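Worksheet for the structure shown next.
Note that the structure is predicted; figures quoted are calculated from it, not measured. Side-chain atoms are counted along with the backbone in the values below, which use heavy atoms only and exclude waters and symmetry mates. Every number for a ligand or one of its atoms is a count from 1 in the order of the listing.
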Amino acid sequence: MTRHFASDNYAGICPEAWAAMQEANAGHCPSYGDDAWTQKASDLLREIFEIDCEVFFCFNGTAANSLALASLCQSYHSVICHELAHVEADECGGPEFFSNGTKILLGAGPAAKLTPDAVDHLVRRRSDIHYPKPRVLSLTQATELGTIYTAAELAALGQCARQHQLRVHMDGARFANAIAALKVAPKTITWQVGVDVLCFGGTKNGMAVGEAVIFFNRELAAEFDYRCKQAGQLASKMRFLAAPWVGMLEKGAWLKHAAHANAMAARLAAELAKIKGLSLLHPVQANAVFVQMPAPAAATLRQRGWRFYDFIGSGGCRLMCAWDTTEADVLALAADLRAVV
Ligand SMILES: *Cc1c(COP(=O)(O)O)cnc(C)c1O
């Protein structure tokens, strides 16, 4: 079996998610979310976040983000995010499309993280009617560069958002990796710091497919079910989107797998740091390692069969670890890199 470092979505389905799907496959049950698996998965999420939130399941992160943002905005509003944010750079205009034209305003900041100053600047530079009215702050946790906002940084951003009457969306495609790294209760980096809606990724955590859209601010969830249906995101056999969440959440597999992926990235970074001619580009805080390598080395590595991306973020090669990345994979890649640099 071949494992790559291109993306955590190259990986297969983890045993816990697979077993739950198999269990959910017994017989008939009600469709469109009126089933016991969907109820149980939603209840588990409410338990883990320690709040009575509204939960929806959809197929992928692009839809989760786009529809969540659309539910926070009118078409004349704007969404503030980092210039490297997935919602800006990797969703093909989905958020703008589903919100009927809401504009995205880009902020800068080191390590793919926004700062209150950057947000402040985007809000304050205009206050006239000709500017798309800032309405949402969108934060990615863990970020597109594999870095993580601390709870204090999020609290400061949350306060900034409140000052400017911005709603807060969190793109949590790798939320599990952030929680595993920070070792905090999920509430401390979400609703307690002002996050209104979280798109919690299951796919990159080890599921086949599926993201949970979690509204901590329940009023904002009004008619979200209609948005999902219209966008083709209402699964008729919803139990198969929901059951893996039960498998992942019930006994902590989501954290186990995320912590493992993070540990493999840390191991890989430590190996690469020893190789002359390579330089690590960003702090390795989740499951991604960004490295600058000579172009011929990258080409030779690819010839040897390794897959990795070089179009994400701000340059360099991205090496991503998954729930099933082994130490042997890490060492094999490091050995090949040592040989080609
Ligand atoms: C992978 C990812 C998503 C979701 O992407 P889909 O391919 O649409 O599931 C969203 N945000 C970030 C930061 C991601 O890395």
Can you report which non-hydrogen protein atom sits closest to [atom], along with the distance?
atom	value
atom 7 (O) of ligand 1	Thr62 OG1, 4.4 Å
atom 2 (C) of ligand 1	Lys204 NZ, 2.3 Å
atom 5 (O) of ligand 1	His86 CE1, 3.5 Å
atom 11 (N) of ligand 1	Asp171 OD2, 2.6 Å
atom 4 (C) of ligand 1	Gly61 CA, 3.4 Å

For the ring pair Trp191 and Phe215, is the centre-to-centre distance below 6.0 Å?
no
Measure Asn65 to ligand 1 on non-hydrogen atoms and call it side chain, backbone, both or neither using the 4.0 Å cut-off.
side chain
Check whether Thr38 reaches the backbone of Asp34 with its side chain - one donor and one acceptor, N or O, closer than 3.5 Å.
no
When you measure from the side chain of Thr188 to the backbone N and O of Ala185, does any donor-acceptor pair fall under 3.5 Å?
yes
Number the atoms of ligand 1 from 1 as they appear, then name those within less than 4.0 Å of a heavy atom of [X], with their elements.
X	result
Arg174	15 (O)
Ala173	2 (C), 3 (C), 10 (C), 11 (N), 12 (C), 14 (C)
Glu144	13 (C)
Thr140	13 (C)

Starting from the C-alpha separation in whole Å, work towards a yes-or-no answer on ring-ring contact (aromatic ring centres under 6.0 Å, His included) for Phe5 and Phe308.
CA-CA 5 Å; Phe5 290 81; Phe308 48 90; 9.1 Å; no
Relative to each other, are the rings of Trp245 and Phe57 parallel, tilted or perpendicular (30° and 60° limits)?
tilted
Cut-off 3.5 Å, side chains only: do Asn65 and Asp171 have a donor facing an acceptor?
yes
Report the distance from atom CD of Glu153 to atom CG of Leu114, rounding to the nearest 0.5 Å.
11.0 Å
Looking at ligand 1, would Glu211 count as a contact under a 4.0 Å heavy-atom criterion?
no
Which heavy-atom pair separates Tyr10 from Arg307 by the least distance, and what is that distance?
OH-NH1, 3.8 Å
